[in-house]
There are 2 protein chains.
Amino acid sequence: MQLLASYLSGAWAQGSGGRTVLVDPTTEAILAEVATGGHDLAAAFAYARGTGGRELGALTFAQRGALLGALAKAIHGAREELIALAIANGGNTRSDAKFDIDGAAVTLSHYAELGAKLGAQKLIGDGEPIQVGRTARMGGQHVWASRRGVAVHINAFNFPSWGLCEKLACALLAGMPVITKPATATALVAHRLVELFAPLLPPGALQLLVGPAGTLLDHVGPGDVIAFTGGSATARTLRGHARIIAHNVRLNLEADSLNAAVLGPDVELASEAGGLFLADVARDMTQKTGQKCTAIRRVLVPAERLTDVCDALRERLGGIAVGDPSRDDVRMGPLATAQQLADVRAGIARLAAATEAVYGGTGEIKPIGVPDGKGFFVGPVVRTTATPLDCAPLNEHEVFGPVSTVAPYAGDAAFAAEFIARGEGCLVSSVYSDDRDWVAAFVGAAAPWAGRLFLGSSKMAAQSPGPGTVLPSLVHGGPGRAGGGEELGGLRGVQLYLQRCALEGDASVLKSLLG
Amino acid sequence: MQLLASYLSGAWAQGSGGRTVLVDPTTEAILAEVATGGHDLAAAFAYARGTGGRELGALTFAQRGALLGALAKAIHGAREELIALAIANGGNTRSDAKFDIDGAAVTLSHYAELGAKLGAQKLIGDGEPIQVGRTARMGGQHVWASRRGVAVHINAFNFPSWGLCEKLACALLAGMPVITKPATATALVAHRLVELFAPLLPPGALQLLVGPAGTLLDHVGPGDVIAFTGGSATARTLRGHARIIAHNVRLNLEADSLNAAVLGPDVELASEAGGLFLADVARDMTQKTGQKCTAIRRVLVPAERLTDVCDALRERLGGIAVGDPSRDDVRMGPLATAQQLADVRAGIARLAAATEAVYGGTGEIKPIGVPDGKGFFVGPVVRTTATPLDCAPLNEHEVFGPVSTVAPYAGDAAFAAEFIARGEGCLVSSVYSDDRDWVAAFVGAAAPWAGRLFLGSSKMAAQSPGPGTVLPSLVHGGPGRAGGGEELGGLRGVQLYLQRCALEGDASVLKSLLG
């Protein structure tokens with residue numbers, strides 16, 4: 001049995017103490033083990049702050065961008081191997097695996113290009129020069145400077161490749177060394193990525209801790225940044241962590257999100273916008289078995305279309321074969337872990353007590369090509385409620401699986417925006433309408449509650465990436481329940497790892513500092 | 001005895017329960033009282049979210065800017081009255097009082113102008129349109145949208161006028177209703193300001209709570225923003241507050257800051273840059289009796305100039321008359337409260353154990369024109385240490401009074417930046433040099449540790465506002481110990497009260513949304 005090693009202080013080292021197993025969620029076969037501790041984390045932080053910080057700090061943005069380009073290339077070179085690991089350890093279909101792995105490469109390439117654009121400098125200007133004295137001689141100029149410290153990345157189980165790389169790209173481009181901690185259950189892909197990446201990066205730029213976080217956060221200080229993706233319970237623990245509070249450590253959280261999709265009152269289901277809406281809901285429910293932080297959990301449709309929408313979803317979901325994700329005829333695999341299965345079942349039960357069934361009952365299913373009683377499977381489930389604003393289980397609890405609830409409304413934009421707001425902050429929500437005035441009214445009221453709003457329409461349907469796809473050029477994060485953080489969005493995501501500083505002085509000196 | 005009323009849910013109402021007195025820190029005469037509670041804060045939050053949010057949400061940025069212009073005008077109209085209150089309740093000299101009150105008006109006017117520039121819109125574009133599909137038709141556009149919720153402002157005792165207005169200007173311009181809570185000890189100025197402002201603003205836009213915060217924060221939710229200025233102990237309490245954590249409430253903190261001033265190795269004291277350096281250190285020590293979050297606490301000078309710098313400071317500080325701040329011949333008044341006096345004395349004692357005296361002993365003084373034994377007075381104190389990087393009391397504890405420590409160094413820019421870093425994050429630090437290469441090396445290494453860097457030089461000396469003056473056009477805030485927040489800086493400070501949202505869809509729809 002392989003005991004996965006961590007990569008700390010420039011060397012691969014297995015942990016010691018109790019062990020946790022990594023399994024194939026389809027068969028429950030054990031794939032590898034991790035040990036719970038025994039690493040010298042203080043040394044790892046010192047190595048990052050010393051060697052890693054010095055090495056990255058000596059590079060310009062363009063040079064750091066070139067490093068990211070090399071990482072993207074490394075992913076391309078090992079693509080089939082990574083896909084196989086994701087199928088085995090993540091329960092991904094081949095399509096799911098590509099979504100994660102190609103998404104990682106695209107993101108690294110985006111930031112490689114941004115680095116090239118930023119060029120041979122080490123400070124980034126923020127806004128125009130400002131006159132702050134009586135004459136133009138006395139000026140101000142905001143700049144972004146690399147933070148001196150460690151970027152600690154705590155990633156979720158669902159995107160071991162993309163999650164690692166989207167955080168890594170921004171931190172390395174900013175010049176911050178990274179200690180990355182993948183979710184234990186699906187760590188095989190992340191482990192392989194770091195094996196591929198480490199030889200391509202300067203010493204200290206990237207370290208990997210596999211297994212439980214242990215005392216990882218007891219080493220953070222005021223110059224560090226923690227970026228976390230995962231559940232709201234862990235996010236709450238991080239926000240309340242004594243050392244993070246004591247040192248005011250910068251913390252970016254991406255947690256639960258009750259993303260909604262709203263069908264505008266003008267849209268016929270047979271139209272291009274209507275087809276896009278149905279395709280997005282069905283895909284978001286089943287892609288990665290609904291284990292996407294951007295998946296659609298809540299659906300609002302004009303009351304007169306409720307029956308048609310439910311029928312159309314029944315038809316689309318009925319065509320999704322569930323089972324062994326390595327098979328070509330299977331479209332949806334298992335959940336990633338036994339715990340996730342238990343959580344999703346509990347979530348469905350909570351929903352079932354407050355909603356009515358539309359499709360899939362409570363998710364019982366006989367998966368294709370799987371030994372009897374094995375695997376963490378649940379089938380697609382659609383529920384409905386007549387009272388979407390007041391259905392607490394719908395608006396307050398994210399069910400992290402192939403589960404959505406459809407509800408009717410009268411077509412009012414303000415009501416639709418209020419429905420978004422009841423999620424108390426989401427990563428993304430989507431609306432499908434060709435009525436610009438209606439969309440404008442909706443956007444103004446819904447935007448404060450979403451990190452991203454996807455505006456589906458007939459005109460863009462043919463080339464839409466869908467609301468569930470996170471793009472490196474647009475911010476990923478959301479207010480309130482979604483964590484209040486921001487990642488990606490081009491330079492915006494890099495700013496998490498930079499400090500904004502207002503420079504004040506002789507205008508010609510300020511100009512010369514920006515080169 | 002006046003019992004100060006709060007302004008909540010559209011009416012002035014006195015609290016009930018135990019009382020706290022507001023005194024004149026020069027004579028310890030009681031000026032007014034506040035009661036500890038008895039207010040219906042849930043109703044106040046509902047009034048802000050309902051009435052206040054609706055009223056402000058109906059206005060464009062330009063219309064909200066016009067409101068701020070009216071507030072600035074109201075300050076100008078009541079200037080002498082406000083100055084008198086600041087002298088009586090704050091221990092301010094007339095010059096100190098003007099610094100606070102005129103600073104408030106300037107900041108309101110700055111944001112009034114920004115509102116006019118933003119114009120008749122309700123969404124602000126963030127960056128350029130982005131192509132996210134195969135063709136230019138599928139686009140992305142980041143926007144800033146007004147948050148729906150309440151801005152809760154908790155202000156410090158030292159700037160009752162400026163502190164209230166700098167937070168208020170940004171929140172109101174963003175369209176968020178405000179509940180403001182001044183520090184109890186110096187609440188008379190804030191109370192009078194709200195009396196002046198309330199009739200000029202829409203219902204629900206501004207509410208005032210005088211006295212202890214009580215259960216104020218038990219009412220915050222996911223759409224709200226809390227902006228706090230004050231000590232690091234309270235800041236830590238806020239970060240760990242159960243409700244703030246549970247709802248991921250956006251929190252902006254401005255706390256302790258160990259600001260430094262560095263004299264470059266090229267600067268002769270007799271030069272313009274040298275004169276600016278000495279004037280800035282002496283002013284920052286004594287203006288508002290050193291009770292400025294931006295005041296210079298730590299001073300680094302080339303070893304060969306240490307004696308001359310200490311002599312020059314002795315001479316300048318020797319000319320500062322300390323006593324009753326209402327007298328024309330007095331240049332420095334008392335500290336604001338008995339507690340502050342006790343804290344400053346404890347801080348001086350801590351410093352005294354690790355440093356040597358240069359001037360003022362441990363701050364004992366006989367104030368001019370004050371009854372024997374009355375008032376919260378301390379004299380200017382200069383200390384020195386030969387080991388600035390390792391002097392923990394110097395680098396870890398802010399003494400919030402007229403106290404500075406001067407230390408020698410060899411003139412190395414990296415050492416100077418490391419000295420800045422030892423403060424673990426500051427609001428502002430300053431450097432005085434005409435050597436551009438030296439300044440560039442310093443800025444690159446120091447910028448990650450400061451919200452603002454003031455670059456003093458001979459060329460700008462004649463029109464320098466000094467590092468201690470916070471300008472509305474430059475960000476105010478700092479990393480780490482300074483709280484990790486950002487206020488002001490033009491639109492940057494308004495963004496605290498806005499939500500960034502990535503809009504994704506048909507490019508022509510996105511364009512039409514921004515008008």
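Throughout, protein chains are lettered first and strands after them, A, B, ... in sequence-line order, and every chain is numbered starting at 1. These numbers were taken from a predicted model, which means no experiment stands behind them.
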Novice: Quick one: CZ on B:Arg137 to CD on A:Gln463, what's the gap to the nearest 0.5 Å?
Specialist: 7.5 Å
Novice: Where on A:Leu510 is there a heavy atom nearer than 4.5 Å to chain B: the side chain, the backbone, both, or neither?
Specialist: side chain
Novice: Under 4.5 Å, counting heavy-atom pairs only, tell me which of B:Gly133, B:Gly505, B:Gly451 racks up the most with chain A.
Specialist: B:Gly451
Novice: Measure the CZ-NE2 distance between B:Arg236 and A:His247 for me, rounded to the nearest 0.5 Å.
Specialist: 8.5 Å
Novice: For residues B:Met138 and A:Pro465, report the shortest heavy-atom separation together with the two atoms involved.
Specialist: CE-CD, 3.7 Å
Novice: Could you walk me through whether A:Val428 and B:Glu504 pass side-chain contact (heavy atoms from CB on, under 4.5 Å), step by step?
Specialist: CA-CA 10 Å; A:Val428 58; B:Glu504 185 180 359; 5.7 Å; no
Novice: For B:Ala447 and A:Cys501, work out which heavy atoms get closest and say how close.
Specialist: O-CB, 3.9 Å
Novice: Select one option (side chain, backbone, both, neither) describing which atoms of B:His142 are under 4.5 Å from chain A's heavy atoms.
Specialist: side chain
Novice: Would B:Val443 and A:Leu123 satisfy side-chain contact (heavy atoms from CB on, under 4.5 Å), going step by step from the backbone distance to the final call?
Specialist: CA-CA 10 Å; B:Val443 165; A:Leu123 288 175; 4.2 Å; yes
Novice: Side chain of A:Arg239, backbone of B:Ile244: donor and acceptor closer than 3.5 Å?
Specialist: yes
Novice: So for A:Leu503, is it side chain, backbone, both, or neither that comes closer than 4.5 Å to the heavy atoms of chain B?
Specialist: both
Novice: Would you mind checking which part of A:Lys459 comes under 4.5 Å of any heavy atom in chain B, side chain (CB onward), backbone (N, CA, C, O), both or neither?
Specialist: both
Novice: I want to check something: taking the side chain as every heavy atom from C-beta on, are B:Met460 and A:Val132 in contact at a cut-off of under 4.5 Å?
Specialist: no
Novice: At a heavy-atom separation under 4.5 Å, does A:Asp224 approach chain B through its side chain, its backbone, both, or neither?
Specialist: neither
Novice: Return the minimal non-hydrogen interatomic distance between B:Pro479 and A:Gln499, and the atom names on each side.
Specialist: CB-OE1, 3.3 Å
Novice: Report which part of B:Ile130 has an atom under 4.5 Å of a heavy atom belonging to chain A: side chain, backbone, both, or neither.
Specialist: side chain
Novice: Top residue by heavy-atom pair count (under 4.5 Å) with chain B, among A:Arg134, A:Gln131, A:His476?
Specialist: A:Arg134
Novice: Test your reading of the model: is there a side-chain donor-acceptor pair from A:Asn248 to the backbone of B:Gly483, 3.5 Å cut-off?
Specialist: yes
Novice: Report the option among A:Gly480, A:Gly425, A:Gly484 that has the most heavy-atom pairs separated by less than 4.5 Å from atoms of chain B.
Specialist: A:Gly480
Novice: Are the side chain of B:Arg481 and the backbone of A:Pro222 linked by a donor-acceptor contact shorter than 3.5 Å?
Specialist: no
Novice: Which one of B:Ser464, B:Ser508, B:Gly478 has the most heavy-atom pairs closer than 4.5 Å to chain A?
Specialist: B:Ser508
Novice: Taking side chain as everything from C-beta outward and backbone as N, CA, C, O, which of these in A:Ser232 sits under 4.5 Å from a heavy atom of chain B? Side chain, backbone, both or neither.
Specialist: neither
Novice: Need one label for B:Ser473: side chain, backbone, both or neither, based on atoms under 4.5 Å from any heavy atom in chain A.
Specialist: both
Novice: Any idea which heavy atoms bring A:Arg492 and B:Gly127 closest together, and the distance?
Specialist: NH2-CA, 4.0 Å
Novice: So which atom in B:Ala502 and which in A:Val475 form the shortest heavy-atom distance, rounded to 0.1 Å?
Specialist: CB-CG2, 3.9 Å
Novice: Do you know which two heavy atoms are closest between A:Pro448 and B:Ser146, and how far apart they sit?
Specialist: CG-O, 3.0 Å
Novice: Under 4.5 Å heavy-atom distance to chain B, tell me which part of A:Leu471 shows up: side chain, backbone, both or neither.
Specialist: side chain
Novice: In terms of heavy-atom proximity below 4.5 Å to chain B, should A:Thr135 be classed as side chain, backbone, both, or neither?
Specialist: both
Novice: Under 4.5 Å from any heavy atom of chain A, what part of B:Ser458 do you find: side chain, backbone, both or neither?
Specialist: neither
Novice: Side chains of A:Leu513 and B:Leu455: does their closest heavy-atom pair fall under 4.5 Å?
Specialist: yes
Novice: Heavy-atom pairs under 4.5 Å with chain A - which of B:Arg147, B:Glu486, B:Lys122 has more of them than the others?
Specialist: B:Glu486
Novice: Between A:Gly240, A:Gly140, A:Ala450, which has the largest tally of heavy atom pairs under 4.5 Å with chain B?
Specialist: A:Ala450
Novice: With a 4.5 angstrom heavy-atom cut-off, could you sort out which part of B:Arg250 is near chain A: side chain, backbone, both or neither?
Specialist: neither
